[in-house]
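What follows is a short report on a single structure.
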Amino acid sequence: MLYSLDCEFNGFGGELISLALSGEAGELYLCRPHAELDALDLHPWVEENVLPLLDVNGARPVVLPQEAFGRAIQAFLKNDTAPCVIADWPEDLTHLMQCLILSPGQMVRIPDLTLKLMQVSSWPSDLEGAIQHNALWDARALRRALTLNRGEI
Ligand SMILES: [Mg+2]
């Protein structure tokens with residue numbers, strides 16, 4: 001099954017803030033708790049343009065400490081024998097991979113996973129209610145763009 005991926009993070013190279021996967025079979029939208037986000041040295045642009053949009057237009061995140069993201073992703077993918085995750089920016093894939101690592105030498109058990117980095121423009125999107133810089137809406141917009149442009153997902 002195909003899933004589009006989007007992450008919001010604390011500026012270029014910055015810490016993960018939220019992560020979303022959107023697929024035909026379902027969606028996962030995770031966000032770190034405010035206590036964790038407040039402890040980051042947040043980039044002003046992120047503070048202004050990302051933080052206010054974490055819970056908008058029906059995109060309600062499951063709030064979890066970052067260390068619990070891996071288990072949540074594991075649970076989300078557990079019934080999929082061949083998941084394929086598509087992103088349009090390398091850091092999204094980096095953050096997803098980082099979430100799967102539990103400790104040195106230990107990762108969550110997930111099915112064989114395929115990653116794809118694709119050249120596609122998600123915005124502007126014709127999805128009703130879509131809001132850019134919200135990870136779930138960005139993942140939905142990417143999936144929509146892939147459907148329109150390539151019939152991929
Ligand atoms: Mg985004």
Side-chain angles (χ1 to χ4, degrees), residues 1-77 80 83-101 108 110 113-153:
M1 200 83 73
L2 296 167
Y3 307 88
S4 55
L5 166 69
D6 191 76
C7 296
E8 297 303 319
F9 39 89
N10 190 20
F12 181 71
E15 303 90 346
L16 181 63
I17 293 172
S18 59
L19 175 149
L21 290 165
S22 176
E24 237 171 66
E27 294 182 320
L28 178 71
Y29 178 32
L30 305 175
C31 179
R32 297 176 67 185
H34 277 291
E36 284 191 9
L37 299 178
D38 289 345
L40 302 177
D41 182 15
L42 284 172
H43 190 287
W45 188 92
V46 171
E47 217 158 357
E48 199 170 310
N49 296 285
V50 173
L51 286 216
L53 303 178
L54 290 171
D55 184 348
V56 284
N57 272 11
R60 172 143 297 180
V62 174
V63 177
L64 288 176
Q66 186 175 11
E67 63 177 27
F69 276 32
R71 295 288 188 204
I73 294 162
Q74 176 186 35
F76 178 67
L77 294 177
D80 192 335
C84 173
V85 171
I86 300 174
D88 62 3
W89 178 246
E91 271 176 298
D92 295 314
L93 297 171
T94 302
H95 282 294
L96 176 72
M97 291 297 97
Q98 206 62 46
C99 287
L100 302 181
I101 301 169
V108 294
I110 53 164
L113 176 62
T114 302
L115 303 180
K116 263 177 125 171
L117 180 64
M118 293 182 69
Q119 301 287 337
V120 57
S121 298
S122 306
W123 300 96
S125 177
D126 65 355
L127 277 185
E128 203 179 324
I131 295 188
Q132 193 172 11
H133 306 309
N134 168 285
L136 181 57
W137 280 113
D138 282 350
R140 287 171 174 170
L142 173 57
R143 191 155 72 92
R144 173 72 176 154
L146 289 163
T147 307
L148 291 176
N149 297 346
R150 307 199 183 206
E152 283 277 351
I153 190 166

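As the structure lists them, so they are numbered: ligands from 1, and atoms in each ligand from 1. Since we're looking at a predicted model, the values are computed, not measured. Each residue takes its place number in the sequence, starting with 1.
- In this structure, Gln66 and Glu15 have side chains that are not in contact, with every pair of non-hydrogen atoms separated by 4.5 Å or more.
- The closest approach of Asp6 to the Mg ion (ligand 1), by N/O/S atoms, is made by OD2.
- Looking only at side-chain heavy atoms (C-beta outward), Phe69 and Leu16 come within less than 4.5 Å of each other.
- The minimum distance between the Mg ion (ligand 1) and any N, O or S atom of Asp138 involves atom OD2.
- Enclosure of atom CD in Glu67 is not indicated, since only 12 or fewer non-hydrogen atoms of other residues, nucleotides or ligands lie within 6.0 angstrom.
- Nearest approach of Lys116 to Leu93, heavy atoms of both residues: O-CD1, 4.2 Å.
- Closest to the Mg ion (ligand 1) among the N, O or S atoms of Glu8 is OE2.
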